[in-house]
There are 2 protein chains.
Amino acid sequence: MSIHLDGRGSLYEQVYRGLRGLILDGVFGPGSKLPTSRAMGKELGVSRNTMLNAYQQLVDEGYAQGIVGSGTFVARSLPDEARRPGAQIPSPKRRLKLSTSSYAQRLLKHAPRAGASWRLPRHHLPYDFRYGEPAYNDLPLETWSRLLGRIARNARAGELAYGEPAGPIELRQALAGYLRRARGVVCEPEQILITQGSQQAIDLIARVLVDAGDRVVLEEPHYTGFSFVMGSSGAELISVPTDSNGLQVDNLDALDGIRAVCVTPSHQFPSGGVLSLERRLSLLSWAERENTIVIEDDYDGEYRYEGRPVPSLQSLDQSGHVLYVGTASKLLFPSLRIGWLVVPQDLVRVFTIAKAFTDTGSSGLEQRVLAEFIKQGHLERHVRRTRVRNAARRKALEAAVSRELEGIAELQGTQAGLHGVLWVPELPGSREQDLRRAAAERGVGIYPVHPYYRRRPRKAGFVLGYAALTEREIDEGIRRLAVAIKRLH
Amino acid sequence: MSIHLDGRGSLYEQVYRGLRGLILDGVFGPGSKLPTSRAMGKELGVSRNTMLNAYQQLVDEGYAQGIVGSGTFVARSLPDEARRPGAQIPSPKRRLKLSTSSYAQRLLKHAPRAGASWRLPRHHLPYDFRYGEPAYNDLPLETWSRLLGRIARNARAGELAYGEPAGPIELRQALAGYLRRARGVVCEPEQILITQGSQQAIDLIARVLVDAGDRVVLEEPHYTGFSFVMGSSGAELISVPTDSNGLQVDNLDALDGIRAVCVTPSHQFPSGGVLSLERRLSLLSWAERENTIVIEDDYDGEYRYEGRPVPSLQSLDQSGHVLYVGTASKLLFPSLRIGWLVVPQDLVRVFTIAKAFTDTGSSGLEQRVLAEFIKQGHLERHVRRTRVRNAARRKALEAAVSRELEGIAELQGTQAGLHGVLWVPELPGSREQDLRRAAAERGVGIYPVHPYYRRRPRKAGFVLGYAALTEREIDEGIRRLAVAIKRLH
């Protein structure tokens with residue numbers, strides 16, 4: 001004798017509705033004993049708490065009564081509203097009708113349909129071109145773990161207690177050196193704020209500098225980490241197109257009253273263009289003229305394959321309008337949740353307070369491990385090594401595409417970073433899912449580019465990440481993808 | 001030949017102003033060579049960048065000129081504005097006149113004068129009654145480090161990649177069990193959101209549920225983590241007095257249109273009262289009637305010395321109006337930055353999205369370590385052990401106070417937690433600093449309670465934390481404090 005969980009609403013509601021149904025249908029007649037919550041919970045695989053809540057609810061409403069020492073029994077006479085058709089199901093949870101803040105309502109509006117997370121699903125396909133993640137096999141995890149264990153074991157009060165909200169000074173000093181050497185970033189250590197990945201850096205910028213109604217420029221296509229946060233902050237989002245040289249800066253002249261421009265100059269996300277020097281300079285002088293802040297997301301600027309890495313936009317900034325955002329997610333690993341934000345001197349205090357009030361600081365031990373990791377030269381060694389590896393992977397990808405997909409698809413945006421975009425001109429965007437499925441059947445994981453566009457492109461395009469694959473896998477993956485594409489035509 | 005740093009404004013400005021002064025005063029005559037930035041920087045202990053910025057600024061403005069290969073020279077004719085009295089000091093930083101958001105302006109208004117951090121200064125006094133921190137010597141740091149090293153070393157892609165924004169399910173399951181056993185909290189694992197300490201939990205609540213202008217009730221005295229965040233969110237703050245039974249709930253009836261009530265029921269912070277059962281029940285029914293959320297900060301509820309710990313307010317909540325906030329800061333160590341927020345079912349999604357957009361999640365490896373730490377029973381063993389130790393410390397404190405300060409000072413709020421408040425009725429609040437100084441001279445660190453009051457109390461009171469001291473230290477510390485107090489009278 002069990003109940004049916006209809007899958008609508010919370011487990012609690014389903015159990016409650018199921019039991020209530022059986023009582024109303026007379027399956028459990030008046031005065032009859034209900035199965036124990038434990039027994040029924042086990043049968044349904046539902047936790048004890050949920051069962052007890054549901055039983056209690058039935059008792060509260062007069063459908064059943066608990067008799068101490070003997071169990072729960074169906075009431076001899078059912079409550080009236082039970083007969084009211086479509087009686088609202090009251091629920092301890094549902095009864096709560098708390099309105100949320102205007103921020104929360106915007107959050108829900110901008111949230112990806114998939115729920116809270118915009119991570120890619122893990123398909124565990126043998127040839128998975130997922131992007132936005134480094135090659136975990138390349139990580140010096142042994143070194144990292146050794147430092148982590150040692151620093152934790154020897155941690156003294158100073159390292160276990162609350163730390164500087166902006167991060168331990170030794171990390172900010174080490175980072176200032178690294179950022180200057182690797183990215184040309186010019187700053188004092190105290191201008192650096194350690195954040196929970198670049199996401200928190202962007203969120204703090206929005207909170208400290210953007211009010212609802214402010215006009216914020218996004219690249220088209222754009223990194224959704226920007227649009228989610230800026231949209232939720234109530235900003236009016238304005239798209240400016242990009243091409244192989246990045247943001248089309250000239251289009252900014254037509255705009256005014258812009259509060260902030262969100263850019264990915266080193267490797268436009270996701271289309272892959274690199275912002276030309278000419279455009280960098282005109283963007284900076286425009287920003288100074290308009291007194292607009294420029295948010296530079298330098299998420300994978302270390303990976304540049306032709307010539308030296310392009311220095312950051314911040315390195316060219318004379319007037320202090322650029323806020324520089326970086327992250328350890330692509331250099332080390334995302335779940336470390338360490339990023340950095342470089343702000344102009346006169347914004348240091350307010351950003352530090354914002355970080356302090358928001359979470360009082362990031363993980364103390366892991367920040368110290370990163371400081372050691374940089375000081376001992378591990379980070380730069382690691383980046384040099386992976387740059388070579390990723391260059392080989394990239395070469396394999398370009399070779400495979402031009403061999404297998406000549407005239408059928410074109411690969412763009414691979415001068416830098418860890419991904420490119422594969423466009424399939426003959427395939428309409430509406431059929432992206434068909435190709436995705438066909439590829440998956442052949443063990444190949446590909447990911448549509450359209451979620452990053454505010455206006456969906458006509459032709460099908462896919463973001464191909466190559467950092468996590470071997471050259472052989474890249475080769476075979478593209479071969480199989482080519483078969484899938486040709487079959488589809 | 002050096003310059004004077006006047007301590008006003010950023011280092012950059014001081015250097016710039018100093019150099020400019022020497023030039024205007026003719027100390028560096030027209031055409032004369034300036035010391036190299038490196039030499040002067042070394043002398044002043046100022047970084048190369050700062051010096052270079054300052055020199056560049058002087059050149060930009062015509063005070064000096066750089067001659068490649070030979071150095072920087074004072075200009076033969078000084079720019080006109082140099083003679084304008086009180087000429088504004090332009091600065092690459094100051095030139096940036098970015099207005100900040102209304103949130104940022106409220107942040108600055110509510111920030112503690114001390115700057116961003118409200119941590120206590122570390123005096124390194126032998127008898128330091130600092131509070132808000134556990135005894136670091138009691139920590140099973142060896143076990144923690146072993147787990148940390150092992151989990152990091154064996155981390156696979158799934159653990160290094162972006163994780164669930166709300167935290168890995170195994171941690172939320174382990175916590176759900178722990179919170180039910182230790183604090184009577186009734187929830188499903190999916191109702192738990194892992195946060196960056198309790199501070200982020202409070203900040204997320206403010207963002208998701210509180211709009212500017214909403215009325216929020218604070219205890220008087222209150223935890224400043226609440227007032228900073230709620231004040232910055234633009235809420236109207238309303239104080240309700242507390243006594244030895246915690247918040248005087250009856251006073252709520254006189255209020256209406258209250259959005260949220262911020263309480264510390266297990267151990268009122270800082271005054272130390274424990275909210276009576278009667279008041280808990282009437283607070284809950286009031287909240288249900290008024291449809292107001294109750295934010296329960298259960299920061300040290302595990303430490304209860306007479307009888308069993310009082311279960312959380314959340315455990316009594318039938319209507320889902322309580323949001324439960326907890327933290328590992330007192331159980332383990334603050335720099336871990338792990339806390340938790342338990343929300344009613346129908347708020348799970350919006351809070352998860354808020355966490356995701358705010359920072360995409362907390363540190364993956366450390367969350368897994370905590371999950372293991374709980375599953376293997378280490379946390380509960382540790383809490384049991386420290387409860388015994390802290391009980392002994394508390395006993396020592398009470399004994400020492402009644403022996404040394406009979407009739408001079410009274411200790412309150414020690415039924416639970418890791419601190420009490422020592423009131424000195426004869427000493428006016430205005431003289432707290434005198435006593436603090438006198439105590440420090442005798443090697444004793446004490447901390448005034450008034451910062452937690454919106455209306456400053458007339459008599460002097462001090463928060464005495466005892467968790468970080470041995471019984472002997474507590475004994476001797478109070479003996480010395482007594483001497484200091486008596487001398488002051």
Side-chain angles (χ1 to χ4, degrees), chain A residues 10 49 92-93 95-96 98 100-104 107-108 111 116-117 119 133 136 144-145 148-149 152-153 157 160-163 165 186 188 196-197 199-200 203 207-211 228-229 232 293 319-320 333-335 337 344-346 350 352-354 356-360 362-364 366, chain B residues 10 47 49 92-93 95-96 98 100-104 107-108 111 116-117 119 133 136 145 148-149 152-153 157 160-163 165 186 196-197 199-200 203 207-211 228-229 232 293 318-320 333-335 337 344-346 350 352-354 356-360 362-364 366:
Chain A
S10 68
N49 283 332
K93 320 301 178 185
R95 240 185 268 143
L96 170 58
L98 282 174
T100 53
S101 67
S102 44
Y103 168 77
L107 271 183
L108 291 167
S117 165
R119 294 165 307 121
E133 291 179 37
Y136 297 116
W144 184 266
S145 314
L148 193 55
R153 200 167 286 105
L160 298 168
Y162 294 98
V186 183
E188 301 291 332
Q196 291 293 111
Q199 191 62 34
Q200 188 186 36
D203 185 55
R207 290 182 87 174
V208 169
L209 297 175
V210 177
D211 272 317
F228 291 152
V229 169
S232 306
I293 59 167
S319 66
F333 53 97
S335 77
R337 308 308 311 126
Q345 285 282 9
D346 63 352
V350 66
T352 308
I353 295 168
F357 284 17
T358 300
D359 64 14
T360 79
S362 293
S363 165
E366 284 177 318
Chain B
S10 69
S47 86
N49 282 333
K93 319 303 181 188
R95 244 187 265 141
L96 170 56
L98 282 173
T100 52
S101 68
S102 44
Y103 168 76
L107 271 183
L108 292 168
S117 164
R119 290 166 309 122
E133 291 180 36
Y136 297 116
S145 316
L148 194 54
R153 199 166 286 104
L160 298 167
Y162 295 96
V186 184
Q196 290 293 111
Q199 191 61 34
Q200 189 186 37
D203 185 55
R207 289 183 87 174
V208 169
L209 296 175
V210 177
D211 273 316
F228 291 153
V229 168
S232 306
I293 59 166
Q318 293 301 311
S319 67
F333 53 96
S335 78
R337 309 307 310 128
Q345 285 282 9
D346 62 353
V350 66
T352 308
I353 295 168
F357 283 18
T358 300
D359 63 15
T360 78
S362 294
S363 163
E366 283 178 318

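To find a chain, count down the sequence lines: A is the first, B the second, and so on, and within it residues start at 1.
When each of A:Asp211, A:Val229, A:Val350 is scored by its heavy-atom pairs under 4.5 Å with chain B, the top score falls to A:Asp211. Listed options A:Pro334, A:Gly197, A:Gly149 were ranked by heavy-atom pairs under 4.5 angstrom with chain B; first place goes to A:Pro334. Between chain B and the options A:Gly364, A:Ala104, A:Ser335, heavy-atom pairs under 4.5 Å are most frequent for A:Ser335. Across A:Ser145, A:Ser101, A:Ala152, the residue that shares the most heavy-atom pairs under 4.5 angstrom with chain B is A:Ser101. Of the residues considered (A:Thr100, A:Val208, A:Leu148, A:Leu108), A:Val208 shows the highest number of contacts with chain B, using heavy-atom pairs under 4.5 Å.
The part of A:Ser232 that comes within reach of chain B is its side chain, from C-beta onward, which places non-hydrogen atoms under 4.5 angstrom from that chain. Using a 4.5 Å cut-off between heavy atoms, A:Val210 touches chain B through its backbone atoms (N, CA, C, O) alone.
Considering every non-hydrogen atom in both A:Phe357 and B:Ala111, the closest pair reads CZ-CA, 3.7 Å. Smallest separation of non-hydrogen atoms from A:Ala157 and B:Tyr136: CB-CD1, 3.6 Å. Considering all non-hydrogen atoms of both residues, A:Ala161 and B:Glu133 come closest at CB-OE1, 3.4 Å.
Scanning for side chain to side chain donor-acceptor pair (under 3.5 Å) contacts around B:Asp203 gives A:Arg207, with sequence neighbours left out. Among residues two or more places apart in sequence or in another chain, the side-chain contact (heavy atoms from CB on, under 4.5 Å) test is passed with A:Ser363 by A:Glu366, B:Glu366.
Of the N and O atoms on the side chains of B:Thr360 and A:Arg337, at least one donor lies less than 3.5 Å from an acceptor on the other residue.
The OG1 atom of A:Thr358 lies 9.5 Å from the CG atom of B:Asp359; values are rounded to the nearest 0.5 Å.
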